[in-house]
Structure formats: C-alpha cells, structure tokens
Amino acid sequence: MVILNIKESSVQNNTILLPPTDIASYKFPFQPYDIQLEFMKNLYQVIENGKVGIFESPTGTGKSLSLICGALKWLKDNEERYEREEYSSNTRMEITNEPLWVIEYSKNKKRKEELARKQELNERIQKIRDKEKLERQKASCQTIDGNIFRKRLKKDHSGLDLNRNRKDSDMEEYLVEEYHSDDETENHEENDNMSVQVKELLKRFQEGKSLENFDNDKETREQDEEEPDEIKIFYCSRTHSQLTQFVNELRKTVYAENVKCVSLGSRKNLCINEEVRNLKSMNRINEKCLDMQKAGTKPEKRCPYNSARNQSHMLDYRDHVLASVRDIEELVDIGRELGACPYYGTRKSIRRCQIVTLPYNLLLQKSSRESMKISLKDNIVIIDEAHNLVDTVTSVHTIIIDLPQIVKVRSQLNAYLDRYKKRLLGKNVMYIQQILSLLDALIRCLTAFEKKCEEKGKDKEGMNYIKTVNDFLHILKIGDLNLFKIENYLKKSQVARKSNQELTNLSTLPSLSQIEAFLMSLTNGNQDGRVILGFQQIIVPIEGKRETTVKYIPNIKYLLLNPSSQFKDIVEEARSVILAGTMEPIDDLTEQLFPYLPTQKLSKFSCGHIVPPENLLTLTLSEGPMGGTFEFTFERRDNIKLIDELGQTIINLCNVIPDGVVCFFASYTYLEQVHERWKQNGILERIKKRKMVFQEPRETQLVEKILKQYDLHIHSSNNKDGALLLCVVNGKMSEGMNFSDRLGRGIIMVGLPFANLTSVGLNEKMKFMNQIGKTSSKDNNSSQRGNEYYQNLCMKAVNQSIGRAIRHRNDYAAIILIDKRFNTNNRIRQKLPTWINQSVIECHKFGQAIGKVSGFFKNKVHQFSSNDL
C-alpha cells in the first residue's frame, strides 16, 4: 500500500523501476501473445517515466487485460519500492531545526500508526472476504445474508435549533453564506487567535446548526482528514457497460484477490431510495437527493441511507467495497443489504482504493472531480476507447442556452434577491445584482439579434452570428464586470442550487446551473472557443386547434474549439495519462490534445493484430458488376443507377460470404433511402433469398431486439445461409459491438462518411485548425490542417466500424471498402489502421473483387475441414 500525503513535501524516488522481461511477472491469466507482452512492457515504462502514452491496439487483442496486468504490476512494484526506501516521498519530513533523533522518532511513530491503521482495515476486509467465501461455498441462492449485515438505522434528529422561529429557520437553509472576494479575505484575521474547535463551534452557531452531534461529527471529520490516499489507477471509459466489462476482465486475474477497487457512477445508477429512483430524470434525482440532506429537514423526510448522525454503516459499506472487486449492480445490492447509500459510500471508498473506474463525464469535468473529491495528483489515469476523447471533451464543454431560459432564470434570481435581500450577508447582494446585469445583457443581445433577422427578412433556420469571446463581451457592454470574480462567486456560493431549491419545484428542470456554465465558459481563452448566435426550431401546438406549428427560438452557443485547454489540467496533475483504443489516425489526437507537450513527454505504441495475416482479406472496390463507378459523394449518392449498382454488388457478395454480413452506410437517411429503392426494384427480395435482412433502427430501445434476432437467425440450426445487417456509421451498432466469428464474416463499408460541410461548428473548427497550422513551424502543410481534420473525422468513424469484426486469433473475415476514393486517394488509405492497411488489395473491377472474396472463403472452408480431420 503506497500512501500519498499531500500536506508533506514530495521528492522523486531514487530507484528506477525497469519493466520486467519475464512473462510470468505480469501474472497474465493466459499465455500472452508477443504483442500483449510488448504492450505491458511499454505501459509499465510510460507510467514509471511519468509520460503521456498513446496505445493503439486493435479490438480483440486483449487490450483490457494488458492494461490491467501492466498497470497493476507497476503499482505493486512501486509499493515495494516505497517500502524498501526509508526516505521515500511519503514519509519524508519537512526540514526543521529539531534534533535528528526527534525527527526519526516522529517519523517512526507516524509509520507505526499508519501500519496499525492499515492492519486494522485489512483485518476487517479479510473477515468480510472469508464470510463471502463461506457463503459462496454454501451454494445458497442468496449471496449475502441480510440478517448478518442489515443494521437497524437510528433516526436522525439533528436539525436547526427548535427554539428558533420556524419561519426564519425554513428560510435560513436557502441563504447563501456570507461572501467576501479573495482580495477582501486576505486581511480578514479577527478570529485567528481562536482554536479550530472554537471556530467550528462558532460557525455552526452562526449557521443555526444543532451542536448536539458536534463531537461525533468532529471525529468523523478528523478521520476523513487523516484517511490516507493511496496511489491509484483511475480507469475511465465511455459507458457503464464498458466499465462493467473492465471489472469482469479484472476478476480474471490474480490481482483481483487483493486489489481494492471501486466503481463510481451517478445517483441515477447508484441510488437505492425508491422515492428518489422513481423520479427517473437525472436532474430531478440530483435535486431531490440534495433536498433531503438540507439542514432543518424533518427526520422522517431525510434519506435513511445517508444519515449524518451515524456514519458507522457508511464505514461498513466502505469495508465491503474494498473486500472484493464489484460492478455497479453489486455495489447497489451491497448498499441495500447494509442500509447504506452506494452513491456516497463509493465516494467514501475512493481514498483507500487502488483502482477507481468512472465514466468520462466524472473525469473530464473539473467541477465533477471536485464534488467527488477526486484527486489525480501523482496518480495514473487510463482512458479506454479514447478515439472518442476529443469529441467528448468538446461536447462536455460546449453549452447552449436559449432566450426563454435566460428570461426564466432572470425572473427566478430576481425573486430570490427580493425575498432575501435584507438577510444576505457580505457582498452577496452585489454579486447577485451583477449576475442579473449579465442576464439583462444576454436578453438584450438575443432580442436585438432576433429583431434584426426579422427586419431583414432572413431565414431564421440557417441564420448564425459568430464571434470570438472578446468580441461577444464587447457587444454585451459589460466591461465594468469582472467575470473571473463572478465565476468564483458562483462556485463558492452555490447560489444556482439554493435559488432553484427555494423557488422551483422538482417538476421544473433547473436552468440557472446551465447559464452558470455558459457564463463560466466566457472566462476561457479568446481563441479557445466561439460564441454562436442562432435559432432553435421547436414544434408548438396552435392554441385552440389540434394542429402544430414551427417556432424559432433564439439561442447562444459556446463552442469549444481547443480541447487541449480543458484537458491540460488532467495531464499536469496526474503522474501519467494513458490513452488506449483504436486510435488511428493518432496524429489528429496529439495535435488537438497535446500541442504544448514536449516530444520526450509523449510516447506512442502501436501493435498489430493477433490474427494471422491469412485470416483477413481487405480489398477496395471501384466498380460494380454492371461497370458503374462507385463514388458516394453527397452530390452523386442519390443517383438511382448508383444505388442499383450497389444492390447488385451486395447480392453477389452475399452469395459468396457465409453466415453474417454487416454493411455500413453513411447515415440513417441514406440507409432508409437505399432500403426503400431496393424494396421497389426487387433487389431486397433477391437478397432475402440468400440471407435474411435486418436493419438498424433509429430508436435506441429497439437496438437490442434487432441484434438478438440477427444473432438467433445466424446461429439457428435451420439456417445455413446467414443474414445481412444494415447499419449506420457512428450509429448504435458501429461502436462497442462484437461481431465475432459467424456474426461478422463480411464487413462492407459503403462510401466515405464525411461530415456535413455546411455545419457552422465544423467550419469554425476547420478554420481553427488552419490557424493552428499557421502558428506551427513544424508543419509544411499548415493551410491544410482543416482539411486534414475533416478527413480524420471521417476515417476515425470508418476504422471504428470495420473494427467490429476479427475479435480473436482464430477469427477470420473479409472487409470490402466500396468507393473509388479508397483506391485513388492515398491520404485516405494511409489513415486506415496499420494492421489493415498493410494488406489492402486494390480492385478496380468487380470480377477481380468477387474472385478474391470467393477464393478466400473457399480456402477457409478447406482449412477448417482439414483441421477437423
């Protein structure tokens, strides 16, 4: 166990750890392939050297296990290093004038105390492990005996002083605390001679809080402060299902026997209070949870699973979390058995854990990390499925607000100020008035924009007004306001939440928090983003009629252009940041996230596939069976002859490809257009004579149903021909899906899924990339950075889609890329994953392509027939 103490000075370790060359050292659960060993060695080295590592690894190469074994091996070796080195950074004392023997005594005492705490915790955890092991051996239908773990919860009678006026106390909970800006508090020292305990008592008295449980609360606070923080791995992925997959992979290793791991999630995923869970909406769940914790809430209205009076059941929950590697569902089950809140219980477990799994949003938003008390200092951050990282960072920090929202919030905040103006302390009134002035400026700006468009008779649907942040602030005419001080006030005062709690009910979604996020975005660098004024189209009912009409609502959008500015604090705080996944094209990622990083701080590792070359056939196709040229540009793709030519090609390919064929289209609209044409001209019926046809639905709730039908049909004993699944690039089946073996013997990519160039956001991003190129001395083609970015967007989507097949060493498949640009545009081809690009066969004529595909599968049938003999 390696402990971090952020209050003490830190120094570099003298001993350098070298990656083990012995395969057994990594404790891989199976015999690793050479590329997996190289992956783990490189990962170990990158973490030890404190670098940013980009690990390109094809799907199906055991990436998750390689990440787990490589990172945990370093963590274990690092722990042993700290134990060996007496004067490590964790036990080193600050330089003082004390005698050496005093320093040594203090140091030894501190070490013994920590070892005693560690031993006590480990003993409790071991008891839980032994008990769970015994229960599993009993083969009981229940994994946890509720009679053993369930505790009777004490009612929490803490609250405001009952002698105070009830009306005043009801209002007190909505007041923001006395606020002084930073420069005003530097000399605010009238209480400096008071002890910490007296200050805390005074603070509670001033806030009107009960002093009944002060000693118990103090003990809990001190315990939290003294709770050591271990060096840990933060593993982050896009969805909870991907995090669950990671947990399941971790369980396959011997590390799972002793490693302490916790999975973090939202209240929606972890809440066990049925009253709150039934609210469904994320915002309403969050608000209700916070509402039940407010000071002055009656005991019967409080959440029974998160009692402030008695935290012992939360500590029990933490011990159970640390005792075994569990996924989100199991953490919820444990919470129900112990009567402890899993949401707050998992947060309480973070400091003692060695692995913390969490979704993107909890890591990428600084405010979320702060609210969860997540410190990345000296820890390792692993981001899996990182091909989405740039887009996710951009979307997380892109905010849209509309005129009705601003008007509503302005009214809400003004009502709050009117009600509490005489009771607000410090400079609260001044800052709330400044926020109101900001809101008035936004309302004037949007109203004037709407009026100007109407006067000029311009089409609102396509109207946009783009400005830099500085130009937009100039238009608002708020030069007398300090946005940085207002941002600080919004963070510390929590006025958004308190005004929402007081003046809205749970059926009204809070808007001030969203506007707060927009105002904070205006403090970003001038070139890091753009402010776009435009219109949002909504459908509204016509009063007194059953008809509807289209209405255009003016809105303001902050578009983040420079994701590196928001990701930089993660890189600077963490010891090492690892990005893993199907990363090609890698240069696009490094340009957008790490333009400031020295070359020696960045490490790139790219491995081939574990599948032998003869198990993969990749070919590009320029022409169809009737001689028509395949070029699915936006201008040509509506061509009926082109769609018919594609249909004839699919019919022929389905005749020679066994089992499952997955065909990707650029969009839902184009897929539906092609499907309708094939239905009309009989092509669809001809395909169905050979393979059943399934189509990806737009509705998320129907995806699983279609996939199950596709799977069952292929594996049905009555079916030998397989099925065709029509999908969409960047759709619900292009990422995270496993079309292994018979589910994906053929992958067909129709055209190149380039984004819409009429998009305002895309055009601004391309201009921004060109501007970066002009300031970069390393790039000779600086003016082409925008086009390069445009191509990279397309090819990242292609690579994700075609990577759905070939999931293990003995798998095999054919990948057919249908568009002449795959043959003629070398820059496009070079952006394919290396393991695919190195064996691409160019086919200009259809006969050549169908011969290659037919021969490939005939050889596979012969190969496996021979193996059976």
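Scope of the values below: all heavy atoms of this structure, side chains included, with no hydrogens, waters or symmetry mates.
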*Give a yes or no on whether the backbone of E48 and the side-chain of R575 come within a donor-acceptor separation of less than 3.5 Å.*
yes
*Y360/V396 under side chain to side chain contact (heavy atoms under 4.5 Å, CB included): CA gap, chis, key distance, verdict*: CA-CA 9 Å; Y360 273 178; V396 162; over 6 Å; no
*Is the backbone of S66 close enough, under 3.5 Å, to the side chain of Y26 for a donor and an acceptor to pair up by distance?*
no
_Student check: side-chain heavy atoms of I328 and L243 closer than 4.5 Å_ = no
*Are any non-hydrogen side-chain atoms of Q293 and C303 less than 4.5 angstrom apart?*
no
*For residues N273 and N306, determine if any side-chain heavy atom of one lies less than 4.5 Å from a side-chain heavy atom of the other.*
no
*asked:* Could you check whether any side-chain heavy atom of I802 comes within less than 4.5 Å of a side-chain heavy atom of L832, counting everything from C-beta outward?
replied: yes
*asked:* For R336, is there any backbone N or O sitting under 3.5 Å from a side-chain donor or acceptor partner on Y305?
replied: no
*Salt-bridge present (K604, D587; N to O < 4.0 Å)*: yes
_Rounded distance [0.5 Å steps], CG in N615 versus CG in D811_ = 8.0 Å
*asked:* To the nearest 0.5 Å, what is the distance between CG on L593 and OG on S565?
replied: 10.0 Å
_Within the structure provided, determine whether R369 and D569 are in side-chain contact (heavy-atom separation under 4.5 Å)._
yes
*Please check if any side-chain donor atom of N269 sits under 3.5 Å from a side-chain acceptor atom of S266, or the reverse.*
yes
*Is any side-chain N of the basic residue among E38 and K41 closer than 4.0 Å to the acidic one's carboxylate O?*
yes
*Are side-chain heavy atoms of H313 and L338 found at a separation under 4.5 Å?*
no
*What distance do H320 atom NE2 and S349 atom OG have between them, rounded to the nearest 0.5 Å?*
11.5 Å
*Do S64 and E249 have side-chain N/O donor and acceptor atoms under 3.5 Å apart?*
no
*Salt bridge check: are K831 and D588 linked by an N-O gap of less than 4.0 Å?*
no
*Mind listing the closest non-hydrogen atom pair of K601 and N49 along with its distance?*
NZ-O, 4.4 Å
*Nearest 0.5 Å please: distance from the CD atom of Q566 over to the NE2 atom of H397.*
4.0 Å
*Specify the closest pair of heavy atoms between L331 and Y317, including all atoms of both residues, with the distance to one decimal.*
O-OH, 2.9 Å
*Donor-acceptor pair between H240 and D327 side chains, under 3.5 angstrom*: no
*So, the side chain of R809 versus the backbone of I610: is there a donor-acceptor pair under 3.5 Å, distance only?*
yes
*How long is the gap from CZ on F234 to SG on C353, to the nearest 0.5 Å?*
9.5 Å
*Do you know which two heavy atoms are closest between T398 and L560, and how far apart they sit?*
OG1-N, 3.4 Å
_Pairwise side-chain contact, L72 with K76, heavy-atom cut-off 4.5 Å (strictly under)_ = no
*asked:* What verdict does the side chain to side chain contact (heavy atoms under 4.5 Å, CB included) test give for L67 and F55, after you've listed the backbone C-alpha separation in whole Å, the side-chain angles of each residue and the deciding distance to 0.1 Å?
replied: CA-CA 10 Å; L67 284 169; F55 285 75; 5.7 Å; no
*Pair R81 + D77: basic N to acidic O under 4.0 Å*: no
*Please name the pair of heavy atoms, one in Q36 and one in G62, separated by the smallest distance, quoted to 0.1 Å.*
NE2-CA, 3.7 Å
_Under-4.0 Å salt bridge between E56 and K63_ = no
*asked:* Between Q242 (side chain only) and R238 (backbone N and O only), is there a donor and an acceptor less than 3.5 Å apart?
replied: yes
*Under the 3.5 angstrom rule, does the side chain of H609 hit a backbone N or O of I806 as a donor-acceptor pair?*
yes
*Is the closest side-chain heavy-atom distance between Y44 and L17 below 4.5 Å?*
yes
*Under the side chain to side chain contact (heavy atoms under 4.5 Å, CB included) rule, what do L75 and Q354 come out as? Steps first, then yes or no, please.*
CA-CA 8 Å; L75 202 67; Q354 295 158 301; 3.8 Å; yes
*CD/Q592 to OG/S564 distance, rounded to the nearest 0.5 angstrom?*
9.0 Å
*May I have the step-by-step check of side chain to side chain contact (heavy atoms under 4.5 Å, CB included) for I231 and E79, ending in yes or no?*
CA-CA 9 Å; I231 291 180; E79 178 179 337; over 6 Å; no
_Quick check against the 3.5 Å criterion: does R277 have a side-chain atom that pairs as donor or acceptor with the backbone of C271?_
yes
*Write down the atom of F30, the atom of L65, and the distance for their closest heavy-atom approach.*
CE1-CD1, 3.7 Å
*asked:* More than 12 heavy atoms of other residues, nucleotides or ligands under 6.0 Å from CG of D391: yes or no?
replied: yes
*Can you see which heavy atom on R318 is nearest to which on K348, and at what distance?*
CD-O, 3.8 Å
*Do the ring planes of Y235 and F246 sit parallel (below 30°), tilted (30 to 60°) or perpendicular (above 60°)?*
parallel
*Keeping the roles fixed (side chain from E573, backbone from L376), state whether a donor-acceptor pair exists under 3.5 Å.*
yes
*Is the closest side-chain donor-acceptor distance between S263 and T357 under 3.5 Å?*
yes
*asked:* Tell me if a side-chain donor or acceptor on T582 pairs with a main-chain N or O of P58 at a distance below 3.5 Å.
replied: no
_Donor-acceptor contact below 3.5 Å, side chain N379 vs main chain K232_ = yes
